[in-house]
Chemist: 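What follows is a single structure, and I will ask about it in a moment.
Everything quoted here is computed from the prediction, not taken from an experiment. A, B, ... follow the sequence lines: proteins, then strands. Residue 1 opens every chain.
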Amino acid sequence: MKRALCVCAACALLVVSARGQSGAPTLQVNPFWPQPLPNHWVFGSITGVAVDAQDHVWVVHRGADSLEGNEKGMMATPPTSTKCCVAAPFVLEFDADGKLLSHFGGPGQGYQWPQSPGGIAVDAKGNVWIAAAGLDTAPAGRGRGPVDPDAVGPAGGARGGARGAEAEGGGARGAAPARGRGPAAPAGPPDAHVLKFARDGKFLLQIGAPGKMEGPDSQTTLNRPAAVAVDAAANEVYVADSGNHRIVVFDADSGSYKRHWGAYGEKPTAAGGGAYDPSASPARQFRDVSCVEIAKDGMVYVCDRTSNRIQVFQKDGKFVKEGFVRKETTGATVGGQFGAVSSFGSAWDVAFSNDAQQRYLFVADGQDKKVVVLQRDTLAPAGSFGSGGRLAGQFLTVGSIAADSRGDVYTGEQHHGKRVQKWIRR
Amino acid sequence: MKRNLLIGSSLLVVLLTLAVGQFLLEKRVDAQAKGAVQAPRFEVDPMWPKPLPNGWYLGQTIGVGVDAQDHVWIIHRSDSLDAVEAAADEGTGECCKKTPPILEFDQAGNLLRHFGGKDGDGYQWPASNHGLQIDGKGNLWIGGNGNGNDGHLLKFTQDGKFLMQVGIKKQGLGPDSNSQDRFYLVAKVSLDNKNNEAYVADGYGNKRVVVIDMDTGKFKRYWGAYGNKPDDAAAAAAPRYTPGSTPSQQFRGPVHCAEPSNDGLIYVCDRTSDRLQVFTREGKFVKEIFVEPDSLADGSTWDVAFSKDPQQKYLYVADGRNQKLHIFDRQSLTELTNFGEGGHYPGQFYSMHSIAVDSKGNLYTTETYQGRRVQKFVYKGLGPVTKKEQGTPWPSKTSQ
């Protein structure tokens, strides 16, 4: 009873909500979700959010590699703090109330943990899929080629940001934070694989291998895959194979190749769509394929992030339609203690509304710092929620999104956002 | 419809406040019976302030003060936004934009006035903004810690009208902790309205407290750690702080706060030494304490504020290394409790930098580096300390 009272108290405080049009769902942030993590754990850059059949919320993040010195003082040698903080485990499971239920992740026998995870999906059997998306290395949308591991490093400081940060340290010796001392990237070959685990973290399957990239016609290799979706009925896994500019489908148990396609259902090329130009006609190739989701009616939704568009396909790869989120959006690449971060594009991830028809599509628009609501049938705008900032209900780089059976929505932020936020359907 | 909702919500809040108040009262009575320690209690208000207009986005937020109307003023670093954050300025996205550095909010969290960021007639804007306090007449005082530049402080009216610059901004400036006419990298200026004196935490470059006349800016006195004469060479030669080492006879700095209390004591933050030193107004050393003395890097003592009772019974210490707001008994300088955790959620912190208290006892915090926000913590009265480390101070804590 007391607990219910408190939840209501929280609701009474909610003021941030969606600007809904034409009956689009109205969502309000729940600032008290999830419950504070134990053990002085903090999230790194959030790369994936998924909801399973029990409405549990699964989160994957980059961990210590994406934390600044000030955020992981307990991990420093010697520790700079005994009370703040430590990177949380890579994969965390929460219930709808925000209670932490389980966690796993990191290197193990028989598989390679990603340099940077991408999206996460939980299939109907409760298995957890994680894309090994790799680190940002060059401006996305400028034709990211195969990864050159040597190119990964602390890129030139964020304009302006460096000045203030330095000044905070001022002339005081020892006062400056550990800028530039953090590892730029985990050593090893670049990510090019997808991992499947049981929900308790037991390793089940790896498709592809780090450093092994054989181009967009390959039936066994990937190239920085950004996201996965599982078709339970067909027992197939769909991979948004970003570096190969394609969607590729495998058997969800054996990992054996089924089919693949590029933009408009055409044959993907290694060059992809090239540099994005808002005034040019739409590229015939994908640039960065950052999401794939399958609707109840069998339509496959694909984010071509830096082309600012969603393309819709049948499960066999036949092109159905495309829609644009915000055509003018480009982006930036900035450096930090954890290497380069690219923010290009307005179509990062999608989720469906919970009504039987899934009438609405929620699009995480990372560069514009909001969630755009589209009508799923026409891909026409129907509203948006969130705004840029660091307060509850605001976003920095919102890059992942998922919805539960109640219609509540979960968003994850990359870069310095480092939050999963819950949005309650009103 | 909205109105009904609002009324409904307000009613709910009132009922809840009553219920929670009753609950606290009962708990308090219980605790008093058992003789438990009492300390101020706070709950974060997660929806304060309201989102900024115009697609504005806060940078490193490095100063906060409260005026006589209980309006909350902050200063932040507009230029600290990176190209991803300032996408609208860069023409790469719809949001967001750099924001004027000084912003005023009312109690409801609405943005009122804003100004600053550029040189004006008779004054030089700091290369790097740092610290903000408001004097008894409502005027704003700010410092600056732009390396190799800022040797000054500035005083403005609330409308942004320039009143006074003390010291200079000049390229190639360096420390001189015995200068009588300029500073070096001022962290914060605090006001003793009764005696018309300003206490300058000087600072990141110099290693001293300077007292000036609030009207003329004339230097009156200054001192270093333990009331010693500041010695830049000795301060530079002092080894880095390590837990348990002999305390440095000079401030290591940054000298990050110098806050006068009602009873004439000055509380000085020697941040990377993890210590507070207490002085008389004349600079006579009284005592020192160490806060989270295991803290390295940028240290634990970032800012202080006092509770609103006339005796200022409680001392609040902002600890941006461990992300805690420590609550001390001011007389004994013993820590009673603390709250806060690392993180980006309400009630958590990334480098909590500055704090201030309003007339109702509510507490405001700002965060620098990648925190980039101001938060409000609602004062919930005194309550028994049941747990020294309270963690993230969410309203639901009252029922857990």
Chemist: Check whether A:P79 gets within reach of chain B through its side chain, its backbone, both or neither, counting any heavy atom under 4.5 Å.
Modeler: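 Just the backbone, heavy atoms under 4.5 Å.
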Chemist: For B:S295, which atoms come within 4.5 Å of any heavy atom of chain A: side chain, backbone, both, or neither?
Modeler: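 Contact with chain A is through both the backbone and side chain of B:S295.
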Chemist: Distance-only, no hydrogens or angles: does the B:D319 side chain make a donor-acceptor pair with backbone N or O of B:R321 under 3.5 Å?
Modeler: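 The answer is yes, because a donor-acceptor pair under 3.5 Å joins these two groups.
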Chemist: Pick one: which of A:Y410, A:F395, A:W33 meets ring pair (Phe, Tyr, Trp, His ring centres under 6.0 Å) with A:W423?
Modeler: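 Exactly one pass, corresponding to A:F395.
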Chemist: Counting only heavy atoms closer than 4.5 Å, note whether A:T397 contacts chain B via side chain, backbone, both or neither.
Modeler: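 Interface part for A:T397: side chain.
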Chemist: Could you work out, with side chain to side chain donor-acceptor pair (under 3.5 Å) as the rule, every residue matching B:Y57, not counting sequence neighbours?
Modeler: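 B:Y57: side chain to side chain donor-acceptor pair (under 3.5 Å) contacts with A:R390, B:E85.
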Chemist: Pick from B:G174, B:P49, B:G59: which one has the most heavy-atom pairs with chain A under 4.5 Å?
Modeler: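 That would be B:P49.
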Chemist: When you check the gap from the basic side-chain N to the acidic O, do A:K369 and B:E94 get nearer than 4.0 Å?
Modeler: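 Looking at B:E94 together with A:K369, the answer is no, because their closest N to O distance does not fall below 4.0 Å.
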Chemist: May I ask you to say whether A:R326 pairs ionically with A:D368, meaning some side-chain N is under 4.0 Å from a carboxylate O?
Modeler: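 Salt bridge flag = yes for A:D368 with A:R326.
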Chemist: Go through A:T329, A:T82, A:L396 and name the one with the most non-hydrogen pairs under 4.5 angstrom from chain B.
Modeler: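 Of the options given, most contacts go to A:L396.
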Chemist: Heavy-atom distances under 4.5 Å only: say whether B:Q348 touches chain A with side chain, backbone, both or neither.
Modeler: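 Side chain of B:Q348 only, per the 4.5 Å heavy-atom cut-off to chain A.
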Chemist: Quick one: sort the A:H415 and A:F338 rings into parallel, tilted or perpendicular, breaks at 30° and 60°.
Modeler: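 Geometry flag for A:F338 against A:H415: perpendicular rings.
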Chemist: Which atoms of B:E389 are under 4.5 Å from chain A, going by heavy atoms: the side chain, the backbone, both sets, or neither?
Modeler: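 Interface part for B:E389: side chain.
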Chemist: Is it true that A:T333 and A:S342 share a donor-acceptor pair across their side chains at a distance under 3.5 Å?
Modeler: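 The answer is yes; a qualifying pair exists.
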Chemist: Side chain, backbone, both or neither: which part of B:V255 has a heavy atom under 4.5 Å from chain A?
Modeler: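 Interface part for B:V255: neither.
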Chemist: Report which part of A:V86 has an atom under 4.5 Å of a heavy atom belonging to chain B: side chain, backbone, both, or neither.
Modeler: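 Interface part for A:V86: neither.
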Chemist: With a 4.5 angstrom heavy-atom cut-off, is it the side chain or the backbone of A:K418 that approaches chain B, or both, or neither?
Modeler: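 The answer is both parts of A:K418.
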